[in-house]
Amino acid sequence: MKKKFLEIITIVGLLFTLLPFGTANAAGSKTSSSDQSLAKIQKKGVLVMGTSPDYAPYEFQTTKNGKSVDVGMDISIAKQIAKDLGVKLKIKNMDFDSLLVALQTGKVDMVMAGMNPTAARRKNVTFSNIYYQGGQDIVINKKDAGIYTSKKSFVGKTLGAQTGTMQYNMAKKQISNVTVKGFDKGADLILALQTNKIDGIVMEKPSAEAYVKNNPQLSLINGNFNLNTNETSSAIAFQKGATSLAGAVNKSLAKIKKKDLINKVYLKEAGTHMKTNTVNTSMTHYWKYFAKGIGYTLLISAFSVFFGFILGTILAFMRLSRNKLLKLVSTAYIEFVRGTPLMVQIMFVYFGIGLIVNLPALTSGIIAVSLNSGAYVAEVIRGGINSVDKGQTEAARSLGLSKQGTMRYVVLPQAIKNIWPALGNEFISLIKESSIVSIIGVTDLIYQLKIVQSDTYRGVAPIVVAMLLYFVVTFGLSKILAYFEGRMKHAN
C-alpha cells in the first residue's frame, strides 16, 4: 500500500507541475516578469514554511511553557529569513513525503526539512543555494558494531530510510541485493531498528549523530556512499519558477553563511533543546501532547460522525428512491468512496481541492472523513430499512398512513433498532480511522505520538500510551452504545 501511495503522490506532484507556477528553472536564473512570488509573500505579510519536525537537529519539537514549539537549525534559519523579508513566519508540519506536494499546490511557500537538492527534485521545484553540507551515514544497533562496517556489509540485508527521501533511493541503487523499507518518521526507523525489523538506517549525518548521541544502544558507521555535492547538502525548496523569492532568500543565506551562524549559534541551540528533551522522557511529562492529540481526535470524530450520518441518511434515501437519476448518483458516490483509500481521499481534499479553496488541514480532515463515513453509513441505513418486513409497510398504508408517515412512524423506528449495532461499530471505527489525518499535519493522537517519539528518542512507550488512550475512548463509547441498545430492546 505504501508503494502505491508513493506512486499516486508522484503522479499528483507531476500533474501539479504542469500548472502555471512559473517558468524559471533555477534559483540563480533571471526573474520572470510574471514571477510575483516575493511580492505575494510581502503583501500577505506571512511566510509559510513546510517541514517534518522529526529530524533533529534540523527540525524537531520541544516543550516551552507547557506548549510544544518547533526548534532546530532549519527553524532558526527560517526565522532569520522571515525577519529579513519583513514578514511573520508560519510553520506547517506534515509527513516528509507530503511536503513537495504541499509546495506545488500552494499550501506552503517554501520547504525546509534537511532536503537534498537532487537532480530529480530540481525538475519539479526551484531550490535556494546550499546552506549546509553534511553527509550520509548508517545507524546500527551497538551490539552489531562488529558485523556492519560499511555499506558492503548490508548486501542481502534490510535497511530502513525515511519514505520519499534521497537516502531511500540511494540505498537501493548503491547496495546490491538489499531490501529497503520506508518509514514516515525518524522515530519509526529507530523503533524498527531496535526491534530488529531492519538491520540499519541510512540517515543524514547530523540527524544520525543526534540519535546516536542520545541513545546509548545505537552506533554509527560511515556508509562510504558515492555522493555528489547535491546528495550531501541541504537547500530550501520553492515552487517552480519562484525566482524572486529564492533570490531574496539567498541573500539571507549569504548573510547567515558570512557570520557562520549555523555552526556558531543554530546548531548549538539545537543541541541545547535536544539535551532538554532527554532530561525527562517519562510519558507523564508529555501528558499535554497526548491530551492535545486525543482532543483533536475526538473533535474530528464528533464532527465526522455528525456530518457523516446526515450525508449517509440522504444517500440512503436517494438510493432507495424510484428516481433513476438520484439512485444513480447515490450508487456511484457510494461505490467510488468505498473503492478508494481514505488516505488518498484526504490527500485529494487537502491538496486537490486546495487549488481552488485553501482549506486548513483540520477542516480538510473533517471533510474527507465525513465524506468517507457517509458512504458506509448510507449502506447501513439502507440495509436497516430493507430489513423491515414489507408487511409492516402494507399494514400502515392500509390504515391510511401516507408514504412519508409510514416511513417516519413505522419503518424508521424499527430500522434504527436493527442498524444501531452496525452504526455503533462504524462510529467506533471512525475514531481509529481518523488517525490517518496526521499525514497532512493535523495534530491528532497519532501525530502527537510521533512527536513524542522524536523528542524523547523512545519508541515503544509512546505507542503504549496511545493504545491505552484509544482503548479507553472506544471502550467507553462501546458501553454507552450498548446501554442505548439495551434500552431499545427493553422498549420492545
Side-chain angles (χ1 to χ4, degrees), residues 4 8 11-12 15-16 19 105 300-359 363-427 429-430 433-434 436-437 440:
K4 290 182 178 179
I8 292 170
I11 293 171
V12 171
L15 288 174
F16 286 136
L19 295 171
T105 55
I300 294 168
S301 300
F303 275 101
S304 299
V305 163
F306 178 76
F307 291 115
F309 182 77
I310 293 175
L311 176 61
T313 302
I314 295 172
L315 290 171
F317 281 108
M318 286 174 63
R319 193 161 186 180
L320 291 169
S321 172
R322 293 181 180 179
N323 186 301
K324 292 184 178 180
L325 179 59
L326 292 178
K327 190 172 184 178
L328 177 63
V329 171
S330 175
T331 302
Y333 176 87
I334 291 171
E335 294 302 326
F336 180 79
V337 170
R338 294 174 67 186
T340 54
L342 177 57
M343 179 187 290
V344 176
Q345 294 168 15
I346 290 173
M347 298 290 285
F348 175 76
V349 171
Y350 185 59
F351 294 120
I353 297 179
L355 287 171
I356 304 171
V357 181
N358 191 12
L359 298 173
T363 304
S364 299
I366 291 174
I367 291 174
V369 177
S370 299
L371 293 176
N372 180 274
S373 177
Y376 289 90
V377 170
E379 288 299 273
V380 171
I381 294 176
R382 184 177 70 89
I385 292 175
N386 286 336
S387 69
V388 177
D389 190 277
K390 290 183 178 180
Q392 299 286 326
T393 302
E394 294 172 355
R397 295 301 299 276
S398 65
L399 291 174
L401 280 176
S402 65
K403 187 176 181 179
Q404 290 77 14
T406 300
M407 178 62 69
R408 179 180 178 182
Y409 296 110
V410 178
V411 177
L412 284 182
Q414 297 181 65
I416 290 175
K417 294 176 183 178
N418 295 338
I419 66 177
W420 187 256
L423 278 178
N425 289 334
E426 171 62 22
F427 297 157
S429 296
L430 197 63
E433 291 174 357
S434 65
I436 206 167
V437 299
I440 58 173

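Sequential numbering from 1 along the given sequence is applied to the chain's residues. As the structure is a computational prediction, the values presented were derived from the model and not from experiment.
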field: Residue list, side-chain hydrogen bond (donor to acceptor under 3.5 Å, both in side chains) with Asn386, at least two apart or on another chain
entry: none
Listing, residues 304-315 side-chain donor-acceptor contacts under 3.5 Å, not counting sequence neighbours, or none:
from	atom 1	to	atom 2	distance (Å)
Ser304	OG	Ile300	O	2.7
Thr313	OG1	Phe309	O	2.8

- prompt: Taking side chain as C-beta onward, heavy atoms only, is Met318 less than 4.5 Å from Val329?
  reply: yes
field: Worked verdict on Ile385 versus Phe317 for side chain to side chain contact (heavy atoms under 4.5 Å, CB included)
entry: CA-CA 10 Å; Ile385 292 175; Phe317 281 108; 4.1 Å; yes
query: Is Thr340 reaching over with its side chain to a backbone N or O of Phe336, donor-acceptor style, under 3.5 angstrom?
result: yes
- request: Begin with the C-alpha distance, continue with both residues' side-chain angles, and end with the deciding distance and a verdict on side chain to side chain contact (heavy atoms under 4.5 Å, CB included) for Ile353 and Phe348.
  value: CA-CA 7 Å; Ile353 297 179; Phe348 175 76; 4.0 Å; yes
statement: Rounding to 0.5 Å, atoms OG1 (Thr363) and OH (Tyr350) come to a distance of 10.0 Å
field: Closest non-hydrogen atom pair between Ser364 and Leu359, with its separation
entry: OG-CB, 3.3 Å
field: Least distance between heavy atoms, Ser370 atom then Ile366 atom
entry: OG-O, 2.6 Å
- request: With sequence neighbours excluded, tell me which residues meet side chain to side chain contact (heavy atoms under 4.5 Å, CB included) with Val337.
  value: Tyr333, Gln345, Asn372, Ala375
field: From CD1 (Ile419) to CZ (Arg382), nearest 0.5 Å
entry: 12.5 Å
- prompt: How many angstroms lie between atom CD1 of Ile356 and atom OG1 of Thr105, to the nearest 0.5 angstrom?
  reply: 12.0 Å
- request: Calculate, to the nearest 0.5 Å, the distance between atoms CD1 and CD1 belonging to Ile367 and Ile346 respectively.
  value: 11.5 Å
side-chain hydrogen bond (donor to acceptor under 3.5 Å, both in side chains) contacts touching residues 314-328 (sequence neighbours left out): Arg319-Thr331, Arg319-Glu379
field: Counterpart residues, side chain to side chain contact (heavy atoms under 4.5 Å, CB included), relative to Ser373 (two or more places apart)
entry: Val377, Glu426, Leu430
message: Just to verify, what does Asn418 make a side-chain hydrogen bond (donor to acceptor under 3.5 Å, both in side chains) with, not counting sequence neighbours?
response: Ser387
